[in-house]
Trainee: 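Dropping a structure here in structure tokens format, bear with me for questions.
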There are 2 protein chains.
Amino acid sequence: MSSLGASKLSLSSITTETLWKRSGRYSENSELLRLKDRKKSGFLLSPTHEEEITALVAGIANSYKDLPIRLYQIGRKYRDERRPRKGLLRAKEFLMKDLYTFDYAYEQGLGTYESVRKAYKNLFDELRIPYLVAEADSGSIGGDLSHEYHFASPSGEDIVWSCNSCGYTANEELVEKRVNPERRVNTGVLAFTTISADHNTAIRIIIPAPDSLSKDHVSTPRIHDYVNLHALNRAGIDIDSSLEPQALSVLLAKTKRSVTIHDRSLPQESNILPLDLTVTRPGDSCSRCASGELDSQPAIEVGHTFHLGTRYSAPLNALVTTPENTEVLMQMGCHGIGVSRLIGAIASLLHDERGLNWPRIIAPFEAVIIMTPQVSEEDGIALYDMLRSGGVDVVLDDRASKSVGWKLKDADLIGYSVVLVLGKSWKTSGSVEVQCRRLGYRENVKEGLEKTVCELLDRL
Amino acid sequence: MSSLGASKLSLSSITTETLWKRSGRYSENSELLRLKDRKKSGFLLSPTHEEEITALVAGIANSYKDLPIRLYQIGRKYRDERRPRKGLLRAKEFLMKDLYTFDYAYEQGLGTYESVRKAYKNLFDELRIPYLVAEADSGSIGGDLSHEYHFASPSGEDIVWSCNSCGYTANEELVEKRVNPERRVNTGVLAFTTISADHNTAIRIIIPAPDSLSKDHVSTPRIHDYVNLHALNRAGIDIDSSLEPQALSVLLAKTKRSVTIHDRSLPQESNILPLDLTVTRPGDSCSRCASGELDSQPAIEVGHTFHLGTRYSAPLNALVTTPENTEVLMQMGCHGIGVSRLIGAIASLLHDERGLNWPRIIAPFEAVIIMTPQVSEEDGIALYDMLRSGGVDVVLDDRASKSVGWKLKDADLIGYSVVLVLGKSWKTSGSVEVQCRRLGYRENVKEGLEKTVCELLDRL
């Protein structure tokens, strides 16, 4: 955040309904935790702070000369999670780093967006854990450019698609495949009748019959399994896909209008936006390159960048004057890192049966010195000072009441990057046992101890 | 907190009702902000964390050998304030430092309590603002020993009583006066009939007629103005003092029992605990010394220490084994500082018409160097480096787009302890104008600049 010239601030977690009603986010958001005070005034626990920060900046910035403004906070956020689970991964209360950016023109806004992407890249690179940057839909936050940062993980609840050739990566909502020319010749179609979210319009969706359909012919095909509902949604077609077949029939009988939508691979009226309505399957062709194939993996989302444009500055009337002395709505961005989720995700990725395993950059300490009864306090302090002056962020475990075995187990559990056992050989030969569980390293080191520790740390 | 060997932690702000029902604090607390999640489960926003921390420590401490445990956090707290007002002084959401202590015996608990008082004394002493330490009632938190830390201030909503001779200081709820022997000879009495909180018992309260009563004889005397309701409450007599006279009459007609309580200065049955039922007035005699008189002043409470005893360990079953291998309930303490209120209180005490005025220990920077167009960036950096290496926490205001006048006003507004104006005389004679608004100091300083700045800071 410093590299972006962003200033730190701290907004209240409790927010009034009023601002959220102005932005239009109040009624639509089913994940808001809401509360009333003793006067029955309505409040909410903020899941993000776009409304507050926009109102704040609208009050302090008048001219393009006051911009860019970049403000961030690291604090608690709240969400009425449908499925709170897996500890820090998905909880009602979590810790987030949220950055909000303000520019006076679209180009500057995009420049800011690219700077933030670069800062996020630097941050995630420092963790030295492979991550995916997926093109993403901006969802209820709004805006028109967005990327998600993911760790591939079987614990993940998101799906990320990647091309095996060109590096194209997108999330489940946004992934685009290329129409397989062979499919065009397939004359069979599969049709679903569903209903609009307002229950007024019957919607008929026609897609090419997939090759795999024959396998499931015993049961009625379900719309979720064959139709890309995200694509429908992005095209502004909101359907109610939650209905049981019988309830759906009853409601369909009452509709007065009906619309038919064809997949882009099927013959249709020429003036319609071609929609890719089939779900993406592993092996589908990449839309961005000639030869790649797409595959999916479960992933944990740990960061998100959004270019918001005027999604919030418009309803909250956040204006600045331009160099030409006209008034324009500010161009905004919002950019989050799930701090507590990041901790949970890294813990789930790097732990083993003995304990945690932190990347050096977020380890509570890079190294621990475990003292044994064979050495004196002075020995411990001497080694500690030597490593500290060598730039190693080290802690001395001098708890005399605990056994060496207990302390070793505790160090594994905590997940210090490097463990040094200071035993008898320190006295006899000046050597120390150096362990690094993540790299499978365990050696008695006599010469160049600091160098050895630093070399191990450089790989973590 | 470090001086107490306390470890920092961070508990969630959202808490389930369950623990609070076990401690008995759920139903009685009208200041809780409550919320429901999508499953209609009940949660609250914690105003303090005794329940959570007791449950946590009960799970990790088994033996007296694991104690003392001292844990603190600095975080957001929530209270459904009856009268949120004056910005940071009284808000629904505020920042608090809360420390919780655990010992295995009463004596150790008291030792801890004294250590905390000492740490609090050191902290408040460092602010160099006069403060009052008042003996206090422990209220709904529970426990049996408690002190409040106050700044005397007309903005305060608390009342603190002090003796002008012996230093006895207590809050409005707890203050004790000595019975004035002259009052005993006054044969007049004043009687009030009120009702118990459960509306089952008529309560007749008889106190000596105060000298001042004659002045107000035109209206009916109100119980609040003459009877010390805190003393009644402490004696376990809960009355409903909120009723209008007519409603009170209706309810009194339905009561089946009646109790009469006399002030300690009046003749009464000998086996009753003598209660001081008259309100304290300025000039009343101090209960702790022979000659002092009590007087009151409005004050802002900024800290509180409580010895809780087993108030929470008992209902939450937080046990440890003693050296004698018996099981005992842990002795607890809880100790808070209102961080955001402290900021607001200091701002209200030390500001003037030009801006804020921070004590050096909490100033954003101890000093600011204001650059003028007459000096170069190198001059600014030279002075900055000189003061930094002299141990002064200084910031350089090198905003070239702002005028010197604007920057001086801004520095006053922010309230840096010392302001240095780096102008033409730096070039000509090597002198700098040093300003300290709080001390009314403004001099051109040539020799011993660092010494001058440090001497000023030492007085702030």
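Numbers restart at 1 for each chain; the letters A, B, ... are given by sequence-line order, proteins then strands.
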Trainee: Heavy-atom distance under 4.5 Å between the side chains of B:D37 and A:K92, does that happen here?
Mentor: yes

Trainee: Side chain from CB out, backbone as N, CA, C, O: work out which of these in B:F43 comes under 4.5 Å of a heavy atom of chain A, or both, or neither.
Mentor: side chain

Trainee: Could you tell me the separation between the OH atom of A:Y78 and the CG atom of B:L35, rounded to the nearest 0.5 Å?
Mentor: 10.0 Å

Trainee: Which distance, rounded to the nearest 0.5 Å, do you find between the OG of B:S10 and the CG of A:L95?
Mentor: 7.5 Å

Trainee: More than 12 heavy atoms of other residues, nucleotides or ligands under 6.0 Å from CD of A:E157: yes or no?
Mentor: yes

Trainee: Of all heavy-atom pairs between A:R76 and B:L11, which one has the smallest distance, and what is that distance?
Mentor: NH1-O, 2.7 Å

Trainee: Which bit of B:S13 is near chain A, if near means a heavy-atom gap under 4.5 Å: side chain, backbone, both or neither?
Mentor: both

Trainee: Looking at every heavy atom in both B:R38 and A:E31, which two are closest together, and how far apart are they?
Mentor: NH2-CG, 3.6 Å

Trainee: Quick one: pull up CG in B:D80 and NZ in A:K36 and give me the separation to the nearest 0.5 Å.
Mentor: 12.5 Å

Trainee: Please flag which part of B:K65 lies under 4.5 Å from any non-hydrogen atom of chain A: side chain, backbone, both or neither.
Mentor: neither

Trainee: Using modelled atom types only, decide if a donor and an acceptor are shared between the side chain of B:E93 and the backbone of A:I14 within a distance under 3.5 Å.
Mentor: yes

